[in-house]
Amino acid sequence: MAPSPSGLPGLPRPGPRSNMLAHDDKKVYEMIEKSGNKGIWSAEMKKYIPENILNKSLKLLLSKNLIKLVANVHNPRRKVYMLANLQPSEEISGGTWYSGKEFDTELIDVLKQHTLRFITKMKVVILDKIADSIKTSEILKVEVRIQEVKQVVDSLILDREIEAVLSNGSAEFLSIPKGKVCYRCRKMGHLEPASFVSVPCGVCPVINECTPDGVISPKTCEYYQRWLDF
Amino acid sequence: MVANQARQLAVDLITSDFGDLVAKVCKCLLKKGALPLARLAMETELPREQLKKCLLVLIQHNCVQAFQTKKEVGGRVMSTTEYTALLDDIIHRLRFPKFLILIRDQFDEQCECLLGILLSHGRSTFEQLMQRLFENQPEVSGDITDQMRTRFAKLVQARYVERCPASEPQLVLDSEEGTITKKKLKEIVTDEERAVMAAAPLEAERFSFPTYSDNDASTESEIMADQSILVGEKRKRGVMEMDDDSIVLACEKDVLWRANFEEFVCSLRHKACIANVRPRLDIGAAVVLEAILKETRAKEKQNKAEYSAPFSMNSIVQALLGSPHGHLEHVRAALNQLGASCTGATEGSYRISLKKIIEAAQNSEMESIVLKRYGSEGCRIFRLLADKNGMIEQKQIPNLALIETKKAFELLYKLMKDDYLQMEEVASAQGKLFLWRVNRSSLQEKILNDMYHAASNLCQRLAHETTEEHELQLLKKNRITELQEKKVDRIRKVKPILEASILRLDDSIMLFHNF
Ligand code: SF4
């Protein structure tokens with residue numbers, strides 16, 4: 001968490017600070033303050049304060065380190081402001097998966113690979129155990145939350161690498177209480193390439209323009225030429 | 001929309017098999033629906049004689065069905081003959097190689113040969129079949145003909161070969177014998193379907209091929225025919241009162257036969273189910289499913305049936321006697337994996353949802369298409385929405401699919417542009433919401449349409465290469481240049497690739513259309 005520049009404790013204390021500000025600056029400060037850890041978009045403030053005044057106020061508040069500009073991962077081009085001593089909400093910052101403005105693909109890949117290896121080793125396993133293994137692996141520098149582990153697991157399900165099954169309490173599920181959701185590797189992880197996409201037309205960007213005797217036609221098609229180049 | 005590209009493919013197939021003129025007639029019928037001869041002549045601008053010849057070719061090869069309609073004009077009943085093209089049957093021409101392999105595997109090469117003649121010559125009597133089969137042999141012993149007769153009877157009995165439909169049935173709106181009833185008609189929409197329905201022979205007649213019986217033991221098909229008479233087809237009595245040998249003779253001379261595509265499709269559907277189950281579940285489940293489908297085949301009445309016919313666990317164990325997957329425990333586990341359900345009708349009777357197996361196969365085919373076209377992240381988004389089987393709000397999608405927001409949104413819009421996803425804008429208290437979903441049925445239609453298009457393109461390219469090859473072959477040997485020689489060489493390599501691609505692509509077309 002970013003410490004407040006004035007050395008004051010984390011909680012905002014609008015009273016004394018905004019009191020020292022001029023009327024317009026105070027109005028801007030209060031608007032930003034009211035937006036809490038979600039922040040407020042400059043365009044939103046323009047509805048209430050003329051642009052030139054707003055810009056001046058923002059500049060001033062920034063220079064006094066009372067507010068800060070935060071990266072909004074969903075709308076990177078939007079200028080979103082919040083009080084300097086607040087931590088942006090996940091909605092804005094993107095949470096664990098973002099370092100600054102950047103989405104941490106590498107981190108996710110490492111976590112996914114780790115999880116997949118762990119599930120392969122364990123055959124069947126419940127979510128808590130996966131979370132424990134991630135904790136001990138120390139891949140994440142911050143506290144691992146169960147919802148993030150679930151996200152990683154869900155994305156492995158979407159990759160059809162693993163599947164969720166209910167324990168029946170016996171055989172391979174012996175150590176897992178009956179009815180509990182657990183995860184295991186899928187028998188058929190990878191898809192056969194479909195016949196349709198192994199011919200040029202299956203991935204062709206101009207298929208809708210292609211006709212038997214048209215300008216684009218299978219007789220003269222460049223994609224075919226390349227495909228059948230011997 | 002699907003019909004457009006399917007029609008083009010049908011025209012390509014007819015062009016390559018019967019030439020441009022026949023294709024022109026076929027194209028006109030496919031586009032305009034059923035037409036009488038006069039209109040057809042006007043539309044195609046072909047001389048009557050030529051047009052008739054083209055129609056005969058199409059009828060001979062089961063691509064067109066003629067039918068009569070009666071209309072009252074000024075108090076007089078006028079009867080007109082119309083012609084309708086059978087789109088699905090024409091497209092079956094694409095799969096003839098598959099049908100032949102199926103017969104070779106299930107029976108033998110001679111049976112394959114018999115079917116081959118039926119497929120390449122169209123409707124034929126048994127006598128014509130024999131003539132064509134022994135065309136180049138000066139003498140043929142009775143023994144060999146007998147063997148062939150037995151084989152042919154087997155094909156009929158297995159329903160791979162059937163009697164041809166009536167050549168010009170009447171479409172009348174009453175329940176007279178031999179015509180379709182009003183109730184049935186209500187469910188039928190197109191002329192094509194009405195004509196096919198009216199022309200179809202009665203079920204018992206369809207697969208009856210009486211053979212000479214040496215020791216008075218009737219063949220199964222004869223028994224079937226006999227039974228049907230008991231059930232009440234009185235009008236056939238007259239025929240049956242002839243002595244056995246003359247019936248057989250008449251049958252061989254007069255009855256026209258053709259391949260029964262329905263049965264081939266059904267067999268290929270079973271094969272596709274088994275092939276899909278093997279990697280998804282395991283070999284045990286595949287073996288058990290194969291046994292079930294074989295056991296219940298005769299009882300399966302409907303095309304594209306949602307469920308297998310009912311079976312008992314015991315019958316499957318019996319069928320798998322001696323197989324490593326045939327123990328009661330194995331069979332029970334496999335039934336579990338296959339999601340067998342009790343039919344409820346009789347105790348201990350189960351059935352399998354074939355529709356579910358086909359749907360799983362369709363899903364993985366669609367996913368594999370998306371994976372290739374949009375990469376693993378695009379595929380993850382697609383699966384997220386497909387698994388959900390409902391709507392998801394745009395902002396949630398990056399988090400659920402664990403993809404960077406900007407990239408996720410880009411992929412969403414790309415998938416929407418290509419019709420793989422649908423989006424709905426909804427106003428809410430928090431502003432506009434963008435709800436995303438996979439519309440399975442419209443997506444399937446889109447993919448099928450593209451597949452027909454791709455198949456048609458492959459056929460056209462193949463035809464193009466073949467023409468080029470012919471042109472080069474016409475050149476005198478000594479005057480061929482090095483470049484031309486290279487061309488011939490290339491064409492020789494290219495053609496098998498195109499042919500194999502067409503057959504493979506057709507597997508997918510069948511998966512989405514016929515299964
Ligand atoms: S033939 Fe060529 S241009 Fe036409 S759809 Fe296929 S790949 Fe595209």
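These numbers come from a predicted model, not from an experiment. In the text below, chain A, chain B and the rest are named by the order of the sequence lines, each starting its count at 1.
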Any sub-3.5 Å donor-acceptor pair from B:S428's side-chain atoms to B:G431's backbone N or O? yes
For residues 121-133 of chain A, pull every pair meeting side chain to side chain donor-acceptor pair (under 3.5 Å), keeping only residues two or more places apart or in separate chains. A:H114-A:S133
Please classify the contact of A:V203 with chain B as side chain, backbone, both or neither, using a heavy-atom distance under 4.5 Å. both
Is there side-chain contact between A:L111 and A:I134, with at least one heavy-atom pair below 4.5 Å? yes
I'd like to know if the side chain of B:D418 reaches the main chain of B:Y420, judged simply by a donor and an acceptor atom lying under 3.5 Å from each other, with no hydrogens or angles considered. no
So which part of A:I108 gets closer than 4.5 Å to some heavy atom of chain B, the side chain, the backbone, both or neither? side chain
Which answer fits A:T220, side chain, backbone, both or neither, if we ask what part of it has an atom under 4.5 Å from a heavy atom of chain B? backbone
Considering only heavy atoms, which portion of B:L400 lies under 4.5 Å from any heavy atom of chain A: side chain, backbone, both, or neither? backbone
Side chain, backbone, both or neither of B:I403 within contact of chain A (heavy atoms, under 4.5 Å): backbone
Check whether any side-chain N or O of B:T15 sits under 3.5 Å from a backbone N or O of B:V11 as a donor-acceptor pair, and report yes or no. yes
Got a second to check how far B:I491's CD1 is from B:E465's CD, nearest 0.5 Å? 5.5 Å
Sidechain-backbone polar pair: B:Q5 side chain, B:D450 backbone, donor-acceptor under 3.5 Å: no
Look only at the side chain of A:R186 and the backbone of A:E163, and say whether a donor-acceptor pair between them is shorter than 3.5 Å. no
Using modelled atom types and a 3.5 Å cut-off, is there a donor and acceptor pairing between side-chain atoms of B:H453 and backbone atoms of A:C210? yes
Does atom CD of A:Q225 have more than 12 heavy-atom neighbours, drawn from other residues, nucleotides or ligands, at distances under 6.0 Å? yes
Residues 42-50 of chain A vs chain B, non-hydrogen distance cutoff under 4.5 Å, contacting residues -> none
Answer key: most heavy-atom pairs under 4.5 Å with chain A among B:Q8, B:K372, B:H464, B:R380 is B:R380
Would you please go through residues 148-155 of chain A and name the residues with a non-hydrogen atom below 4.5 Å from one of chain B, in numerical order? A:Q151, A:V152, A:S155
Under 3.5 Å, is there a donor-acceptor pair between the side chain of B:D506 and the main chain of B:I509? no
Does B:A275 have any side-chain contact (heavy atoms from CB on, under 4.5 Å) partners at least two apart in sequence or in another chain, and if so, which? none
Taking C-beta and beyond as the side chain, do B:L384 and B:W436 meet within less than 4.5 Å on heavy atoms? no
Could you tell me which portion of B:N457 (side chain, backbone, both or neither) has an atom closer than 4.5 angstrom to a non-hydrogen atom of chain A? both
